[in-house]
There are 2 protein chains.
Amino acid sequence: MISKACQYGIRAAIFIASRRNDGIKLNVKQIACEVDAPEAFTAKILQELNKHRIITSLKGPYGGFFIEEFQLEQPVINIVNAIDGMSVFKECGLGLKQCSASHPCPMHDQYKIARDALQNAFQQTSIRHLALQVNEGSSFINNLVLKN
Amino acid sequence: MISKACQYGIRAAIFIASRRNDGIKLNVKQIACEVDAPEAFTAKILQELNKHRIITSLKGPYGGFFIEEFQLEQPVINIVNAIDGMSVFKECGLGLKQCSASHPCPMHDQYKIARDALQNAFQQTSIRHLALQVNEGSSFINNLVLKN
DNA sequence: TTTATAAAAGATGGTTTTATCTTTTATAAA
DNA sequence: TTTATAAAAGATAAAACCATCTTTTATAAA
């Protein structure tokens with residue numbers, strides 16, 4: 001549905017948001033390790049998220065990545081848009097350029113239900129919302145899934 | 001959501017079903033041309049669909065591809081399974097191996113709605129059902145979308 | 001049985017995505 | 001101002017996916 005880069009990006013954003021605390025900054029190494037993603041690849045993804053102002057970065061010593069208060073309210077779809085773009089929410093299930101609401105392919109209506117549900121899942125969920133659900137504990141990735 | 005190979009495969013199956021008529025057989029060239037897919041790639045995909053008994057092939061002169069009566073009833077998800085596998089309907093939206101119904105990630109419930117809707121779209125639709133919706137006309141691909 | 005035909009099978013390229021490595025730039029503390 | 005640090009930027013590599021080409025196999029008609 002969404003790319004690995006995008007999944008890493010969402011996990012990274014949740015991690016950064018969940019560790020948000022006064023002026024704390026997290027570096028690529030920590031983030032990549034905690035979200036179980038390759039370090040150099042994570043650096044590229046974080047760079048892209050910073051460009052789109054989904055997270056914020058600061059270079060130099062004591063620098064790193066962090067998320068600002070207003071950025072917490074952003075819907076996760078902003079991350080999807082930054083990395084994969086919005087085409088997954090628009091394209092025909094059979095890959096037909098001719099397909100549209102007025103000229104639907106035979107799968108249009110059924111496929112649209114799934115596509116819209118996916119869009120809603122990412123649109124209705126904010127980064128803050130996700131971060132608040134993370135459990136306490138030493139391993140972020142293991143506490144990203146609920147305990148009970 | 002699904003691969004290009006899979007989209008080509010579904011389109012090809014619909015085309016073959018829509019042209020089903022006594023003992024008619026269609027060759028790769030015709031099929032690829034009509035469904036607007038690359039010919040050699042289409043050959044590989046049709047080969048795979050034949051292996052999974054989604055369509056039937058016959059080698060040699062007057063040979064080609066066709067679909068049998070019983071094959072028309074198959075749900076489109078069989079094509080997805082043959083080409084992409086079923087993982088898209090099972091995997092976590094954030095790519096977490098740890099995520100499950102009992103240990104859900106923070107997006108689990110919302111994502112599951114979309115994933116299930118996608119599975120339903122392909123499960124509840126048969127090849128016959130799709131073929132019956134195709135319009136009459138010279139260009140299959142243009143008549144795959146409804147006229148009004 | 002021979003021949004023509006069309007799919008199957010196998011080998012090979014190209015492109016995109018995933019991933020890594022190196023060099024440059026920004027910044028904060030000493 | 002110098003130095004150390006961490007992200008940004010750019011170049012490169014590996015893997016997966018998309019696509020093509022060539023050789024082999026099956027089959028139907030002559």
Side-chain angles (χ1 to χ4, degrees), chain A residues 1-13 16 23-33 35-68 80 82-85 87-88 91 94-95, chain B residues 1-13 15-16 23-68 80 82-85 87-88 91 94-95:
Chain A
M1 307 265 241
I2 61 173
S3 69
K4 279 183 121 181
C6 197
Q7 293 177 337
Y8 295 154
I10 297 171
R11 272 146 58 182
I16 296 166
I24 198 176
K25 292 173 200 84
L26 301 157
N27 63 37
V28 173
K29 191 167 202 137
Q30 289 176 271
I31 297 168
C33 176
V35 306
D36 191 30
E39 189 178 323
F41 195 34
T42 302
K44 287 292 181 199
I45 295 161
L46 293 172
Q47 201 175 317
E48 201 61 28
L49 294 183
N50 176 57
K51 274 181 194 161
H52 281 80
R53 305 205 179 285
I54 289 158
I55 58 175
T56 304
S57 73
L58 192 69
K59 287 185 184 179
Y62 300 84
F65 294 92
F66 58 101
I67 191 161
E68 298 179 73
V80 179
I83 295 169
D84 286 354
S87 56
V88 70
E91 281 171 355
L94 304 183
Chain B
M1 307 266 242
I2 61 174
S3 68
K4 279 182 125 183
C6 196
Q7 294 178 337
Y8 294 154
I10 297 171
R11 271 147 56 182
F15 173 66
I16 296 166
I24 198 176
K25 293 172 199 83
L26 300 157
N27 63 37
V28 173
K29 192 167 203 140
Q30 288 174 271
I31 297 167
C33 177
E34 294 274 13
V35 307
D36 192 29
E39 189 178 324
F41 194 34
T42 302
K44 286 291 180 200
I45 294 161
L46 293 171
Q47 202 175 315
E48 201 62 29
L49 295 183
N50 176 57
K51 274 182 193 160
H52 281 78
R53 305 203 180 286
I54 289 158
I55 57 175
T56 304
S57 73
L58 192 69
K59 286 186 185 180
Y62 301 84
F65 295 91
F66 58 102
I67 191 161
E68 298 178 74
V80 178
I83 295 168
D84 286 353
S87 57
V88 70
E91 282 171 353
L94 304 183

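Everything numeric in this text was worked out from a predicted model, so none of it was measured. Numbers restart at 1 for each chain; the letters A, B, ... are given by sequence-line order, proteins then strands.
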request  = Assign each of A:Ala40 and A:Gly63 to its nearest nucleotide of DNA chain C by heavy atoms, then name whichever residue's nucleotide is nearer the 5' end.
outcome  = A:Ala40
task = Please state how far atom OH in A:Tyr62 lies from atom P in D:dA6, giving the value in whole angstrom units.
result = 9 Å
key: Sugar-phosphate only, base, or nothing, as touched by A:Lys29 at under 4.0 Å among non-hydrogen atoms   = nothing
query = Now, which nucleotide makes the Watson-Crick or G-U wobble pair with C:dT16, with each of the two distances under 3.5 Å?
reply = D:dA15
key: Atom pair distance, as rounded to whole Å: NZ in A:Lys25 and P in C:dA26   = 18 Å
Paired nucleotide for C:dT27 [Watson-Crick or G-U wobble; both distances under 3.5 Å] = D:dA4
inquiry  = So if I take every side-chain heavy atom of A:Lys59 and compare against D:dC18, C:dT25, D:dG10, which nucleotide ends up nearest?
reply    = C:dT25
ask   = Touch check for A:Lys44, heavy atoms < 4.0 angstrom, all strands: base, sugar-phosphate only, or nothing?
value = base
task = Looking at every strand, decide which applies to A:Leu26 at a 4.0 Å heavy-atom threshold: base, sugar-phosphate, or nothing.
result = sugar-phosphate
ask   = Rounded to the nearest Å, what distance is computed from the CD atom of residue A:Gln47 to the C1' atom of nucleotide D:dA9?
value = 6 Å
query = With both distances under 3.5 angstrom, what nucleotide forms a Watson-Crick or G-U wobble pair with C:dC21?
reply = D:dG10
key: D:dA6 phosphate, OP1 or OP2, under 4.0 Å from A:Ser57 side-chain N/O   = no
note = When rounded to the nearest 0.5 Å, the distance separating CD of A:Gln30 from OG1 of A:Thr42 is 12.5 Å
key: Expected output: side-chain B:Asn27 to main-chain B:Gly64 donor-acceptor under 3.5 Å   = no
